[in-house]
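Atoms within a ligand are numbered from 1 in the order they appear, just like the ligands themselves.
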Amino acid sequence: MKRFVDLAELGVAQVRELSALATRLETRPEPQALAGKVLGLLFLNPSLRTLASCQSAMARLGGSSFVITPGQGTWQLEARDGVVMNGTAAEHIREGLPVLASYVDALGIRAFAGGQDLTADLADTRFNAMAALVDRPLINLESAVNHPCQALADWKTIDELPGTRRRKFVLSWVTHPRALPLAVPAATVHMAAMRGMDVVVLRPEGFALPTPIMERARHAAAACGGTVTETADREAALADAHVLYAKEWGSAARYGDERGEQELRQPLQDWCVRNDWFARAASDCVLMHCLPVRRNVAVADEVLDSPRSVVRRQAYNRLPAQMAILHRLLKP
Ligand code: CP
């Protein structure tokens, strides 16, 4: 494996192998596997789980890591081409990225969506511009429309659920004070489609996922024996559901339009997961969320604190998943 930027790039067999490797590394640690190796982590956006799990994973495999947060102790980075750099950014990614890459054995990059130009964000323009400058194994730590590390941890979390693997998976929009990126919903719908699940995207009017994301997921589902549908009918969507994956995201129809977005989401305060959402779901239906989650805005205390919630397990699984990714990229 040369890079880990998209589960779809790997295919189902390799994702299954990575999930199995993550489980193996939990039970049979390899504390010297990556001795002498160095991981660089470039975070253009905040993180708790991704940053901490990457550093912990590298240490547990015997390697080391460092974090660069541009503008916080290091130079601010300019990513635009052809600009006169007389503003706050002192360094261009054209120099900064190859320099960083030359110090490490693998580099992880987190670069969220710009949030203004949907076409550019759907093409993951910002992340891809940086990826093109890196001649080392690369890890996508969340880009505009992908979060493969989260998706692998979620894959493992679903592997751990009891019962059949062909289950009804509902990805539901939930509310948030402002628009959030499409990366996790895009990665999640694709992950569940690759598992061959019956995936339902539940969202209010105005919050349909962009067509390219849905089409790509439908294509994966067709190849893997599953389905991908969408609806605004909460009761129908949740009937017999085995997994409810709650996630906040912004409206593609009002992309970059803060006022329009607010108008759309203002009447949607009841899109907060409560116990009664599970009335017609399978009795063992679990609640997933990638975290961070705003309690009693996106998901109520009564659900997050109930046995249905596997959100902490998901977050824990970021660590063995990260170990598996690093092991596969860097173990000689
Ligand atoms: N789920 C996730 O990626 O969490 P962080 O943003 O804290 O890394």
Would Arg328 and Phe4 count as a cation-pi pair here, with the cationic atom under 6.0 angstrom from the ring centre and within 45° of the axis?
no
For ligand 1, what is the set of protein residues having any non-hydrogen atom at a distance below 4.0 Å?
Ser47, Leu48, Arg49, Thr50, Arg110, His147, Gln150, Cys290, Leu291, Arg318
Does Glu261 come within less than 4.0 Å of Arg265, counting only side-chain N to carboxylate O?
yes
Full working for side-chain hydrogen bond (donor to acceptor under 3.5 Å, both in side chains) between Gln314 and His289:
CA-CA 8 Å; Gln314 278 177 269; His289 188 289; over 6 Å; no
Does some side-chain heavy atom of Glu160 sit less than 4.5 Å from a side-chain heavy atom of Ile158?
no
Distance under 6.0 Å and angle within 45° of the ring axis: does Arg234 meet both against Trp271?
yes
If you apply the rule side-chain hydrogen bond (donor to acceptor under 3.5 Å, both in side chains), what do you find for Asn146 with Asp6, and how did you get there?
CA-CA 7 Å; Asn146 222 323; Asp6 184 358; 3.1 Å; yes
